[in-house]
Amino acid sequence: MTLHVSQIFYSFQGEGARTGNLAVWLRLFGCNLRCPGFSQQNPTDKSTYIPININPVDIKTLDDFPVIEYGCDTLYAIDPRFKHLRRDMKVEDAIKEVISYLPDGKFIHPKTGNDIDLCITGGEPLLQQNELGNLFTLLNKEPFGYTPQTVQIETNGTTDISRTFGSILDACSFRTMFNISPKLFNVSGEKYAWNYKAIASYGYRSNYTTLKVVINNRDESWNELEMHLQKLVDVLDHPDYMPPIFIMPVGSTRDQQTNIKEIEEITKRAINEGYHISGRLHCLNLGNAIDV
């Protein structure tokens, strides 16, 4: 089986419940959303967008890709115009390359004993469930040595989990974690129907599930979030339970993540309404590089 791979690199988790944990990242290529409105002044009005002019012909490698301030910050991993940057890898080879980034080839640091997560992101990784099922099966059998303690899957929450992949997740000896980041129209400019049943089902197929919602400080965005969460409650088997919800201020660059006034206002509102808080620590600590 072949994975469409955008990047593999070693860093740490910069967002959500596992912020700060060491991680090897497996970024897959391809997505069913585009999110062109992120960080635009009016995400719902395309006529006001600051254009992103990148000629694919000029981009020979990921190192040539410029910093993205507007729209999806992983444009190189979602836009078919940049598919020449992806690698089509056998699952076994992808695992070997992941292992090659680990100190001593193990998901635990030899000096500190801290565990190292495997984070699978995109694009939208659940578009490649068949291949991920093979990857998880191999990891569970420890074919290359030490099995990770935690595998995180970053997803936009649109894709149903297949019965086959769900069965594989159920059989895993390591902890699986879904970080679900559904998009708001008033923030991303992406108008689509949230897949509430899929979002609810992730919790049944993993050890831990969180919602991570990117937001700006517009009332329309907060109202949209409340509407979606109420609809999500309606499909949960246990209406009194909601996965932990992290609010993350919009912004993909270090400068955007240090817009103090905007971030303070969003943070105070999130606290008052009972949400957890997330930032983008990798942007703050390591800047605007692609492989952080």
Side-chain angles (χ1 to χ4, degrees), residues 6-7 9 11-20 23 25 27 31 33-54 59 62-79 82 119 121-124 154 156 179-191 210-222 224-225 245-271 273 275-292:
S6 175
Q7 292 173 284
F9 60 95
S11 185
F12 68 97
Q13 171 61 272
E15 303 170 0
R18 299 279 288 178
T19 294
W25 289 86
R27 184 183 300 283
C31 191
L33 301 180
R34 292 294 177 265
C35 304
F38 276 137
S39 298
Q40 297 285 357
Q41 184 174 1
N42 184 355
T44 65
D45 186 354
K46 292 183 179 180
S47 69
T48 66
Y49 285 5
I50 296 174
I52 302 171
N53 297 316
I54 303 175
I59 309 298
L62 280 177
D63 291 335
D64 298 329
F65 212 89
V67 174
I68 299 295
E69 297 184 42
Y70 303 99
C72 177
D73 63 342
T74 56
L75 186 65
Y76 54 87
I78 71 166
D79 192 322
F82 302 107
C119 294
T121 188
E124 174 46 56
E154 305 271 333
N156 58 32
N179 302 319
I180 311 166
S181 185
K183 313 306 179 189
L184 300 175
F185 173 58
N186 284 285
V187 181
S188 70
E190 188 70 65
K191 195 169 188 178
T210 66
L211 291 177
K212 181 183 62 181
V213 183
V214 177
I215 204 163
N216 53 36
N217 206 32
R218 296 165 53 137
D219 287 340
E220 296 91 341
S221 302
W222 292 92
E224 182 185 353
L225 172 60
I245 303 168
F246 290 81
I247 293 296
M248 187 165 69
V250 67
S252 60
T253 67
R254 176 179 280 170
D255 287 345
Q256 291 166 340
Q257 285 293 311
T258 52
N259 183 343
I260 301 302
K261 182 179 180 181
E262 175 86 356
I263 290 178
E264 279 188 359
E265 290 175 352
I266 291 172
T267 301
K268 288 177 181 178
R269 185 163 184 171
I271 291 171
E273 299 194 18
Y275 296 114
H276 296 307
I277 311 299
S278 176
R280 306 195 80 201
L281 189 61
H282 53 295
C283 290
L284 294 175
N285 285 16
L286 298 176
N288 300 324
I290 285 178
D291 54 348
V292 298

Trainee: Checking Ser278 side chain against Gly16 main chain: does a donor-acceptor pair fall under 3.5 Å?
Mentor: yes
Trainee: Taking all heavy atoms of Leu286 and all of Val292, pick out the closest pair and write down the distance.
Mentor: CB-CG1, 3.7 Å
Trainee: Taking all atoms of both residues into account, what is the closest heavy-atom pair of Gly189 and Tyr49, and its distance?
Mentor: CA-OH, 3.9 Å
Trainee: Identify, with sequence neighbours excluded, every residue that meets side-chain contact (heavy atoms from CB on, under 4.5 Å) alongside Thr258.
Mentor: Leu284
Trainee: Apply side-chain contact (heavy atoms from CB on, under 4.5 Å) to Asn186 and list each qualifying residue two or more places apart in sequence or on a separate chain.
Mentor: Thr44, Arg218, Glu220, Ser221, Glu224
Trainee: Hey, does Gln256 have a side-chain heavy atom less than 4.5 Å from the side chain of Val250?
Mentor: no
Trainee: At what distance, to the nearest 0.5 angstrom, does CE of Met248 lie from CD1 of Ile215?
Mentor: 11.5 Å
Trainee: What residues, two or more places apart in sequence or in another chain, satisfy side-chain contact (heavy atoms from CB on, under 4.5 Å) together with Glu262?
Mentor: Asn216, Asn217, Asn259, Ile266
Trainee: Tyr275 and Val213: side-chain contact (heavy atoms from CB on, under 4.5 Å), yes or no, with the steps?
Mentor: CA-CA 10 Å; Tyr275 296 114; Val213 183; over 6 Å; no
Trainee: Starting at CD of Gln257, measure out to CG of Asn288 and round the result to the nearest 0.5 Å.
Mentor: 10.0 Å
Trainee: Distance-only, no hydrogens or angles: does the Gln40 side chain make a donor-acceptor pair with backbone N or O of Ile50 under 3.5 Å?
Mentor: yes
Trainee: Are a donor atom and an acceptor atom from the side chains of Lys183 and Ser181 found within less than 3.5 Å of each other?
Mentor: yes
Trainee: If you look at every heavy atom in Lys46 and Pro36, which pair is closest and at what distance?
Mentor: CE-CG, 4.5 Å
Trainee: So, taking the atom named CD in Glu265 and the one named CZ in Arg269, what distance separates them when rounded to the nearest 0.5 Å?
Mentor: 10.0 Å
Trainee: Can you confirm whether more than 12 heavy atoms, excluding those of Gln41, are under 6.0 Å from its CD atom?
Mentor: no
Trainee: Between Leu211 and Pro182, which heavy-atom pair has the shortest distance, and what is it?
Mentor: CD2-CD, 4.2 Å
Trainee: What pair of heavy atoms forms the shortest contact from Ser39 to Gly251, and how long is it?
Mentor: OG-CA, 3.8 Å
Trainee: Would you give me the side-chain donor-acceptor pairs under 3.5 Å for residues 68-75, sequence neighbours excluded?
Mentor:
unit_1 : atom_1 : unit_2 : atom_2 : d
Asp73  : OD2    : Arg280 : NH1    : 3.1
Asp73  : OD2    : Arg280 : NH2    : 3.0

Trainee: Nearest 0.5 Å, please: how far is CG in Leu281 from OG1 in Thr19?
Mentor: 6.5 Å
Trainee: Assess whether side-chain contact (heavy atoms from CB on, under 4.5 Å) is satisfied between Asn179 and Arg18, documenting all intermediate values.
Mentor: CA-CA 10 Å; Asn179 302 319; Arg18 299 279 288 178; 5.8 Å; no
Trainee: I'd like to check the ring pair (Phe, Tyr, Trp, His ring centres under 6.0 Å) partners of Phe12; sequence neighbours left out, ordered by chain and number.
Mentor: none
Trainee: Would you give the length of the straight line joining atom CG of Asp291 to atom CZ of Arg27, rounded to the nearest 0.5 angstrom?
Mentor: 10.0 Å
Trainee: Between Asp79 and Ile54, is the side-chain contact (heavy atoms from CB on, under 4.5 Å) condition met? List the steps.
Mentor: CA-CA 11 Å; Asp79 192 322; Ile54 303 175; over 6 Å; no
Trainee: Please enumerate all residues that pass side-chain contact (heavy atoms from CB on, under 4.5 Å) together with Ile290, with sequence neighbours excluded.
Mentor: Gln7, Phe65, Tyr76
Trainee: Within 45° of the axis and under 6.0 Å from the centre of the six-membered ring of Phe246, does NZ or CZ of Lys212 qualify?
Mentor: no
Trainee: Restricting to non-hydrogen atoms, name the atom on Gly279 and the atom on Glu15 that form the minimum distance, rounded to 0.1 Å.
Mentor: O-CG, 3.5 Å
Trainee: How far does NE2 of His282 sit from OG of Ser11, to the nearest 0.5 angstrom?
Mentor: 8.0 Å
Trainee: List the steps, then state whether side-chain contact (heavy atoms from CB on, under 4.5 Å) holds for Asn156 with Cys31.
Mentor: CA-CA 9 Å; Asn156 58 32; Cys31 191; 3.9 Å; yes
